[in-house]
Amino acid sequence: MLEVKDLYVNYGAVEAIKGISFTVQPGEIVTLIGANGAGKTTLTNLLLRLYDATDGEILIDGENIKDVTVASHRARFAAVFQDFQTFACSVGENVALDEKFDSERVRQALKHSGFTKPLKNGVDTELLREFDDDGAMLSGGEAQKIAIARAFYKECPYVILDEPSANLDPIAEYNLNRAMTEASEHKTVIFISHRLSTTVIADRIYVMENGEIIESGSHEELMSRGGTYAKMFTLQAEKYEA
Ligand code: ATP
């Protein structure tokens with residue numbers, strides 16, 4: 001179980017997080033949404049211990065994350081950020097982030113992330129053309145699926161996905177959401193998303209505004225409440241209506 005208790009973060013005079021508390025149960029899918037600058041990325045950076053909070057604490061299974069080494073803490077998480085990188089090495093190495101990889105697990109991870117591009121040498125195909133004139137070149141969405149596959153490949157209990165569907169087409173986005181739901185039988189998934197299709201599959205949605213959680217609940221609960229989430233969702237849905 002992940003517990004965030006009364007967390008505060010100041011960047012100099014800017015109060016980015018102002019007293020946030022929530023709990024995530026094992027196997028849950030949680031989505032953080034909110035306008036630009038609401039504090040979502042700051043919160044995920046704290047979860048990964050990229051830096052520490054000004055005040056408050058984060059506990060995993062009752063233990064403060066500051067009481068374990070940073071390396072062992074991070075080993076519990078797979079994280080995919082918006083500014084992911086792909087590297088000039090094989091697809092397998094790109095997914096495993098290691099020279100040694102299990103080819104079958106790489107193939108499974110790519111399948112879950114929706115990567116369907118045919119590869120000349122399968123998972124041994126080199127990416128990019130820096131070292132191999134015949135290296136595979138990827139579109140933005142294909143590269144993103146490689147990054148997402150890392151989260152499926154890594155054997156760890158927690159997955160953090162920051163805007164995972166930003167470059168994905170609608171079918172790929174639907175498939176990713178479905179794969180995430182399947183994966184969450186074994187993993188706890190924290191999504192950050194502006195796309196409200198992701199929130200529909202979440203067990204719990206946290207709506208952030210100016211460093212605070214202003215609403216939380218399932219999609220149905222928040223829609224019937226008629227607050228900020230319901231307004232955001234209705235506004236996005238209207239874009240798709242003729
Ligand atoms: P977005 O949806 O745009 O990615 P976000 O909800 O992830 O936004 P954060 O990136 O967490 O928001 O930023 C929260 C607040 O903290 C913002 O007001 C931002 O300007 C400020 N902030 C973030 N990083 C820093 C930093 N390194 N130094 C100073 N202020 C920062």
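Numbering of ligands and ligand atoms starts at 1, following listing order.
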So, does Lys40 use its side chain to make a donor-acceptor pair with the main chain of Gly34 at under 3.5 Å?
yes
For the pair Arg204 (side chain) and Val24 (backbone), establish whether a donor and an acceptor sit closer than 3.5 Å, ignoring hydrogens and angles.
no
Could I get the full list of salt bridge (Lys or Arg N to Asp or Glu O under 4.0 Å) partners for Arg107, not counting sequence neighbours?
Glu104
Parallel, tilted or perpendicular: which describes the rings of Tyr229 and His219, with under 30° parallel and over 60° perpendicular?
perpendicular
Can you list, by chain and residue number, every protein residue with a non-hydrogen atom closer than 4.0 Å to ligand 1?
Tyr11, Ala16, Ala35, Asn36, Gly37, Ala38, Gly39, Lys40, Thr41, Thr42, His194
Can you pull the salt bridge (Lys or Arg N to Asp or Glu O under 4.0 Å) pairs that have at least one residue in residues 93-102, sequence neighbours excluded?
none
Excluding sequence neighbours, so at least two apart, what forms ring pair (Phe, Tyr, Trp, His ring centres under 6.0 Å) with Phe22?
Tyr206
